[in-house]
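Taking it in order: structure first as structure tokens, then the write-up.
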Amino acid sequence: MRRSIWLKIAIAGLALSLLAVLLYQLPPIQTRLGWRVDFALAYIRGVVNPIGEVPTALPPPEVIVISRAEAAPTAAPVTVEIPIAEPTAGATPTPTPVPTPIPDAASLSAPLWEKQDANNCGPATLALYLRYYGWEGDQFDISDLLKPQRADRNVNVEELVHYTRNRAGWLNTEFRVGGDIETLKQLIAAGIPVMIEESFQLETQYWPNDDQWAAHYNLVTSYDDATQNFTTQDTYIGPDQQVPYEKLDEYWHSFNNVYIMIYPPEMEQMVKSILGPHWDVDYNRQHALQVAQEDTERDPDDAYAWFNLGTNLVYFERYHEAAGAYDQARRLGLPQRMLRYQFGPFFSYFHTRRMEDLKALTDYALQITPNAEEALLWQGWMMFRNGDKNGAVANFQQALTENPFYEDARYAIDFVQSNQ
């Protein structure tokens with residue numbers, strides 16, 4: 001009799017578990033409970049496998065000469081270790097008209113606000129931006145294409161720009177780095193809101209010893225010199241947030257002061273006038289590189305400045321110098337989630353053949369974010385470089401599983417399979 005009762009209890013428990021699993025598959029329930037499940041799993045992982053600080057750099061290996069034939073796809077040949085140096089000035093673009101003086105305050109109408117879904121600040125903020133120009137979609141029209149998995153925690157600036165150019169092609173879209181307060185004000189005064197990526201402090205610890213640092217997108221729609229405040233449309237906190245100039249600049253700094261500009265084609269000459277020589281993308285990067293270097297000299301303990309320096313050096317394929325800058329940023333200490341959003345270190349260590357550093361960082365990134373397609377991709381390239389083609393393809397395929405639209409993973413699979 002006792003065995004019969006326990007058997008019934010076990011069967012009932014199993015039935016309830018199966019019912020819960022089935023109910024969880026229903027979109028309304030998954031939407032409501034998904035983030036709670038995600039939180040619980042992240043916390044359990046953090047207890048079982050404690051998350052420490054971003055790994056510091058390993059001692060650099062001896063520099064070897066690599067022929068282009070031996071190099072991995074898009075890799076540049078390596079000859080000597082180059083110390084970080086003052087960037088050389090590039091060619092000066094054709095001068096553009098100087099913009100007229102701007103008023104002490106300017107305010108643009110705020111688009112209809114919507115609260116972001118979990119892990120969806122990029123698509124949600126872009127939806128607000130496009131809505132300013134009359135677009136009638138919402139954040140899910142964007143996220144369904146950029147991050148079909150709701151648990152995908154990152155959308156890059158390049159992905160957002162690609163979406164707008166291909167899905168809202170009646171508008172012009174550009175992004176630049178190394179922005180400043182005056183550029184934001186000039187664009188707003190001209191009638192163009194500006195979307196930025198910045199750091200953000202989470203309210204909840206997702207694992208023991210979580211530093212609660214994350215990335216966030218924000219739409220800047222107004223400024224006022226009298227109060228020294230911007231007005232932002234924040235898809236997490238709420239509309240019409242007052243943010244001091246100094247605070248915005250501080251949070252913006254951790255993402256290389258990147259900014260997205262979307263505007264009607266007839267305003268392009270105005271945008272060129274505001275940006276001046278920064279309309280030229282290479283000039284803009286060269287300037288951002290120099291600013292980052294000056295930041296490291298002014299405050300050698302600023303890890304973000306060193307990271308920005310590395311990122312701008314990667315743009316110019318100066319991988320050895322970039323690796324040196326990233327080494328220093330890692331020594332000073334980076335936020336735990338940094339490699340969820342920015343991937344310059346993966347480029348620099350891969351192209352300088354520092355595979356142990358690349359493995360350490362991709363392992364760490366996947367410990368923080370197991371479904372990060374970018375970390376899976378670069379761990380695959382590390383395996384390929386080390387001769388494990390099967391492991392590489394498995395990683396690339398997993399990256400595609402996490403994001404079926406991830407073209408870098410498709411390219412990687414094709415590359416490896418055609419070089420068997």
Side-chain angles (χ1 to χ4, degrees), residues 21-42 45 114-131 135-169 173 175 195 197 200 206 214-217 219 235-236 260 262 337 339-343 346 362 365-381 392-415:
V21 170
L22 290 172
L23 288 174
Y24 184 70
Q25 304 309 309
L26 297 174
I29 294 178
Q30 196 171 86
T31 297
R32 282 178 173 272
L33 299 180
W35 72 270
R36 297 179 187 275
V37 173
D38 183 59
F39 170 81
L41 292 175
R45 286 196 306 269
E114 67 176 301
K115 185 171 180 61
Q116 69 181 65
D117 189 37
N119 309 308
N120 220 41
C121 68
T125 306
L126 182 59
L128 297 190
Y129 203 163
L130 294 176
R131 199 172 293 150
W135 186 72
E136 296 181 351
D138 63 21
Q139 61 183 297
F140 300 107
D141 293 310
I142 300 171
S143 61
D144 285 350
L145 290 178
L146 296 186
K147 51 180 297 286
Q149 303 288 354
R150 188 166 179 252
D152 187 343
R153 292 167 176 79
N154 177 58
V155 176
N156 301 329
V157 167
E158 292 86 353
E159 292 174 307
L160 295 168
V161 169
H162 179 78
Y163 177 91
T164 307
R165 287 175 175 169
N166 287 275
R167 297 285 172 164
T173 306
F175 81 93
M195 184 172 170
E197 188 172 16
F200 182 81
Y206 279 75
H216 191 51
Y217 287 101
L219 184 65
T235 59
Y236 184 83
I260 300 173
I262 302 176
R337 292 174 178 81
L339 299 172
R340 174 184 289 179
Y341 312 110
Q342 302 196 66
F343 317 112
F346 301 159
T362 52
L366 290 168
Q367 182 186 6
I368 297 282
T369 316
N371 63 333
E373 65 264 30
E374 297 87 358
L376 287 165
L377 175 83
W378 282 101
Q379 192 157 82
W381 280 124
V393 170
N395 264 55
F396 299 149
Q397 289 174 336
Q398 183 61 37
L400 266 184
T401 298
E402 301 300 343
N403 186 347
F405 302 124
Y406 192 30
E407 291 302 320
D408 287 353
R410 292 186 188 279
Y411 166 81
I413 291 171
D414 291 342
F415 181 90

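- Across every non-hydrogen atom of Ala372 and Leu366, the tightest pair is O-CD2, 3.9 Å.
- Separation of atoms CG (Leu128) and CG (Leu219) is listed at 6.5 Å; rounding is to 0.5 Å.
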Report the C-alpha distance between Leu130 and Thr164 in whole Å, list the side-chain angles of each, state the deciding distance to 0.1 Å, and finish with yes or no for side chain to side chain contact (heavy atoms under 4.5 Å, CB included).
-> CA-CA 8 Å; Leu130 294 176; Thr164 307; 3.8 Å; yes
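- Residues satisfying the side-chain hydrogen bond (donor to acceptor under 3.5 Å, both in side chains) criterion with Asp414, sequence neighbours excluded, are absent altogether.
- Side-chain contact between Glu373 and Asn154: absent, with no pair of heavy atoms (C-beta onward) separated by less than 4.5 Å.
- With sequence neighbours excluded, the residues satisfying side-chain hydrogen bond (donor to acceptor under 3.5 Å, both in side chains) with Asn120 are Gln139, Lys147.
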Which is it for Arg340 and Thr369 under the side-chain hydrogen bond (donor to acceptor under 3.5 Å, both in side chains) test, yes or no, and what are the steps along the way?
-> CA-CA 7 Å; Arg340 174 184 289 179; Thr369 316; 2.8 Å; yes
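- Within the 4.5 Å cutoff, the side chain of Asp141 has heavy atoms near those of the Trp135 side chain.
- To the nearest 0.5 Å, the span separating OG1 on Thr401 from CD on Gln149 amounts to 8.5 Å.
- In this structure, Asp152 and Leu146 have side chains that are not in contact, with every pair of non-hydrogen atoms separated by 4.5 Å or more.
- By the side chain to side chain contact (heavy atoms under 4.5 Å, CB included) test, Pro148 pairs with Asn403, Pro404, Phe405, sequence neighbours left out.
- In this structure, Ala375 and Thr362 approach most closely via the heavy-atom pair O-CG2, 3.8 Å.
- The salt bridge (charged side-chain N to carboxylate O under 4.0 Å, His left out) contacts involving residues 156-168 comprise Arg165-Glu174, where partners must be two or more places apart or lie in separate chains.
- When all heavy atoms are compared, the tightest approach of Gln116 to Cys121 is OE1-CB, 3.1 Å.
- The salt bridge (charged side-chain N to carboxylate O under 4.0 Å, His left out) analysis of residues 397-412, with sequence neighbours excluded, yields the pairs Glu407-Arg410.
- In this view, Tyr341 satisfies the side-chain hydrogen bond (donor to acceptor under 3.5 Å, both in side chains) rule with no residue, not counting sequence neighbours.
- Relative ring orientation between His216 and Phe200 is described as tilted, the plane-to-plane angle lying within the 30° to 60° band.
- Relative ring orientation between Trp381 and Tyr411 is described as tilted, the plane-to-plane angle lying within the 30° to 60° band.
- Note: Phe343 CZ to Glu374 CD = 3.5 Å, rounded to the nearest 0.5 Å.
- By the 4.5 Å heavy-atom criterion applied to side chains, Tyr163 and Val155 are not counted as neighbours.
- Minimum heavy-atom separation, Arg131 to Gly137: NH2-O, 3.0 Å.
- Distance check: Ile262 CD1 to Thr173 OG1 gives 4.5 Å after rounding to the nearest 0.5 Å.
- For Ala409 against Leu400, the heavy-atom pair with the smallest separation is CB-CG, 3.8 Å.
- A distance-only check finds no donor-acceptor pair linking the side chain of Tyr406 to the backbone of Leu377 [under 3.5 Å].
- For the atom pair Phe175 CZ and Glu197 CD, the distance stands at 11.0 Å (nearest 0.5 Å).
- In this structure, the side chains of Glu114 and Thr235 stay at 4.5 Å or more apart for every pair of heavy atoms.
- Counting heavy atoms from C-beta on, the side chains of Arg153 and Asn371 come closer than 4.5 Å.
- Taken from CG in Leu339 to CZ in Phe346, the straight-line distance is 4.5 Å, to the nearest 0.5 Å.
- The shortest distance between side-chain heavy atoms of Arg150 and Asn119 does not fall below 4.5 Å.
- The side-chain heavy atoms of Phe396 and Leu376, taken from C-beta on, include no pair separated by under 4.5 Å.
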